[in-house]
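Heads up: the structure comes next, in structure tokens.
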Protein chains: 2
Amino acid sequence: MKKAAATRRDILQKAFGLIYTKGYQTTSIDDILATTQVTKGAFYYHFRNKDEMGLAIIEEIMKPALTEGLIEPLLRQPDPLKAIYDMMYGLLMKNDFLKVEYGCPAANLTQEMTPWNEDFSKALEELTQQWQKVMSAAIEKGKKGGLVRKDVHAKQVTLFVMSGYWGIRNFGKLENSKSVYLPFLKALKQYLDALR
Amino acid sequence: MKKAAATRRDILQKAFGLIYTKGYQTTSIDDILATTQVTKGAFYYHFRNKDEMGLAIIEEIMKPALTEGLIEPLLRQPDPLKAIYDMMYGLLMKNDFLKVEYGCPAANLTQEMTPWNEDFSKALEELTQQWQKVMSAAIEKGKKGGLVRKDVHAKQVTLFVMSGYWGIRNFGKLENSKSVYLPFLKALKQYLDALR
DNA sequence: ACAAAAACATACCGACTAGTATGTTTTTGT
DNA sequence: ACAAAAACATACTAGTCGGTATGTTTTTGT
């Protein structure tokens, strides 16, 4: 039960990479087999079908990555507005897995799969809601600690900021250059500073 | 030269509708033929291939729609910040062609096609840059007229607002409900009011 | 050690894809 | 009216897709 788990993990990781760069529907199972060096029999031993694998990617790759990469750093930083800005700066400018030309994996999947598969929508909604909740909670905590204005509506701000992130990721894809990230981050900083 | 032009227009319009709801790559030419009642011979008389049709959709359907539906109303409204808010409110809440579950046509195409076809990227960039320029110009005009603070960076604001729009459209797809639009619009209003 | 189950391998299939080859009909200019 | 060109129609192809049927190898529990 050790080698098999490694095979499964390898499929999920490599498939995630392919889907991130090429899109879900245009990543064929044969593509995945070619890059993983796994045969079709092995693939279909681990997953009933392509969609089950796609869901497993969200659950077993994307959700843990969100938790470890974004949620936990957010919880550690005491200043919520600084935490949010730093998170965005890190995601856009420093993260070396995310590429400007490929956008945001969660946003990509959302846009591509939402019309086709309800299970994908549900899983992706859980993903984003976890992010939303932690950001909102941080802002609320900041209100109590005096770091955020009392009249700030935490959920609204969170939604506004996350929308901006998904949107600028799409702009980055279009321009194929991180240079659009800089004016976005400046505007974001000014927006966040106005909440103090 | 009249009937043929009508056939071409019909293909482009119906194909645009299909692509908006289903995505470009997952809309087959047979799909388009079935909904237009046009035969394959006719289709390939009007377009060399699928991508040429896709580009024609951007040029002949989406660009004019942007100009007539968004650019011109924006130029007419003297208060730029009100113009921007009204435009967003109209796009999100009142426009009855755009559906919450299908997102923004331009954002969808950008995300789907950017890794695959440079011509699509270029055409979509022209589309968005036209929108960006008009919004920025309106803000600059507002600065001179005293309706916008002098220290506001027009291009930054434009990019921030457009990113938010693309992003919230994606959230709408995910939640499949216009209810997320309302808190976004409230946050947008507050953001814009802070620029006065 | 050895049977049973888990894990993987190979060959194949029907459905669908964009595109083409080769026609026929309709429109156009004179 | 009539030839030429434009506009459309039909049948087909080569390739790709997700998925399956049927094996063989490897691991596991006893």
Side-chain angles (χ1 to χ4, degrees), chain A residues 1-58 60 108-109 112-120 123, chain B residues 1-58 60 109 112-113 115-120 123:
Chain A
M1 279 282 190
K2 211 70 176 292
K3 187 90 182 309
T7 304
R8 184 191 163 93
R9 268 185 65 87
D10 194 47
I11 293 173
L12 290 178
Q13 283 173 340
K14 297 243 172 70
F16 172 64
L18 284 171
I19 290 165
Y20 173 46
T21 58
K22 297 185 40 164
Y24 180 81
Q25 319 229 37
T26 42
T27 295
S28 72
I29 290 175
D30 285 340
D31 281 339
I32 297 167
L33 302 183
T35 64
T36 52
Q37 303 275 46
V38 157
T39 63
K40 204 161 254 194
F43 180 92
Y44 278 97
Y45 171 79
H46 287 285
F47 308 102
R48 240 191 289 275
N49 49 45
K50 191 185 177 184
D51 284 358
E52 192 180 288
M53 179 212 62
L55 284 174
I57 287 175
I58 301 177
E60 298 170 34
N108 292 356
L109 259 187
E112 192 181 357
M113 296 310 291
T114 278
W116 298 104
N117 190 312
E118 263 189 48
D119 294 330
F120 275 67
Chain B
M1 281 281 191
K2 209 70 177 291
K3 185 87 183 311
T7 303
R8 183 191 164 92
R9 268 185 64 87
D10 194 47
I11 292 173
L12 290 178
Q13 284 174 339
K14 297 243 172 71
F16 171 64
L18 284 171
I19 290 165
Y20 173 47
T21 59
K22 297 185 40 165
Y24 179 81
Q25 320 227 39
T26 41
T27 295
S28 72
I29 290 175
D30 285 340
D31 281 339
I32 297 166
L33 302 183
T35 64
T36 52
Q37 303 275 46
V38 158
T39 63
K40 204 159 255 193
F43 180 92
Y44 278 97
Y45 172 78
H46 287 285
F47 308 101
R48 240 192 290 274
N49 50 43
K50 192 185 176 183
D51 283 359
E52 191 180 288
M53 179 210 63
L55 285 173
I57 287 175
I58 301 177
E60 298 170 36
L109 259 188
E112 192 181 356
M113 297 309 291
W116 299 105
N117 189 311
E118 263 189 48
D119 294 330
F120 274 68

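Chain letters run A, B, ... following the sequence lines, proteins first, then strands; residues in each count from 1.
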Inset, instruction - Give a yes/no answer on whether the side chain of H46(A) brings an N or O atom under 4.0 Å of OP1 or OP2 in dC8(C). - result: yes
Inset, instruction - Using a heavy-atom cut-off of under 4.0 Å over every strand shown, decide if T26(B) touches base, sugar-phosphate, or nothing. - result: nothing
Legend entry - K50(B)/Y24(B) under side chain to side chain contact (heavy atoms under 4.5 Å, CB included): CA gap, chis, key distance, verdict: CA-CA 10 Å; K50(B) 192 185 176 183; Y24(B) 179 81; 3.4 Å; yes
Legend entry - Residues W116(A), D51(A); criterion side chain to side chain contact (heavy atoms under 4.5 Å, CB included); working and verdict: CA-CA 11 Å; W116(A) 298 104; D51(A) 284 358; over 6 Å; no
Legend entry - Rounded interatomic separation in angstrom, taking CG from D31(A) and P from dG15(D): 17 Å
Give each protein N/O atom lying under 3.5 Å from an N/O atom of nucleotides 19-22 of chain D, with the pair distance.
from, atom 1, to, atom 2, distance (Å)
dG19(D), OP2, Y44(A), OH, 3.3
dG19(D), OP2, K50(A), N, 2.9
dG19(D), N7, K40(A), NZ, 3.3
dG19(D), O6, K40(A), NZ, 2.7

Legend entry - Whole-Å gap separating P (dT17(C)) and CD (Q25(A)): 12 Å
Legend entry - F120(A) versus I58(A), closest heavy-atom pair with distance: CD2-CD1, 4.0 Å
Inset, instruction - Start with the C-alpha distance between F47(B) and L12(B), add both sets of side-chain angles, then the distance that settles side chain to side chain contact (heavy atoms under 4.5 Å, CB included), and finish with yes or no. - result: CA-CA 10 Å; F47(B) 308 101; L12(B) 290 178; 3.6 Å; yes
Legend entry - Value in whole Å for how far the C1' atom of dG19(C) lies from CG of L33(B): 12 Å
Inset, instruction - Anything below 3.5 Å on both distances counts as a pair; with that, list the stems of at least three consecutive Watson-Crick or G-U pairs involving DNA chain D. - result: C:1-30 with D:1-30
Legend entry - Non-hydrogen side-chain atoms of M53(B) and I19(B) separated by less than 4.5 Å: yes
Inset, instruction - Compare every heavy atom of R8(B) with every heavy atom of H46(B), then report the nearest pair and how far apart it is. - result: O-NH1, 3.5 Å
Inset, instruction - List the atom of I11(A), the atom of V38(A), and the distance in Å for their closest heavy-atom pair. - result: CD1-CG1, 4.1 Å
Legend entry - Side chain of T39(B) - closest among dT10(D), dC8(C), dG18(D): dT10(D)
Legend entry - Spacing of F47(B) atom CZ relative to dA6(D) atom C1', expressed in whole Å: 16 Å
Legend entry - Minimum heavy-atom distance I57(B)-A15(B), with the two atoms named: CD1-CB, 3.9 Å
Inset, instruction - Starting at atom CZ of F43(B), determine the distance to atom P of dA11(D), rounded to an integer number of angstrom. - result: 20 Å
Legend entry - Heavy-atom check, side chain of F43(A) versus side chain of T36(A), under 4.5 Å: no
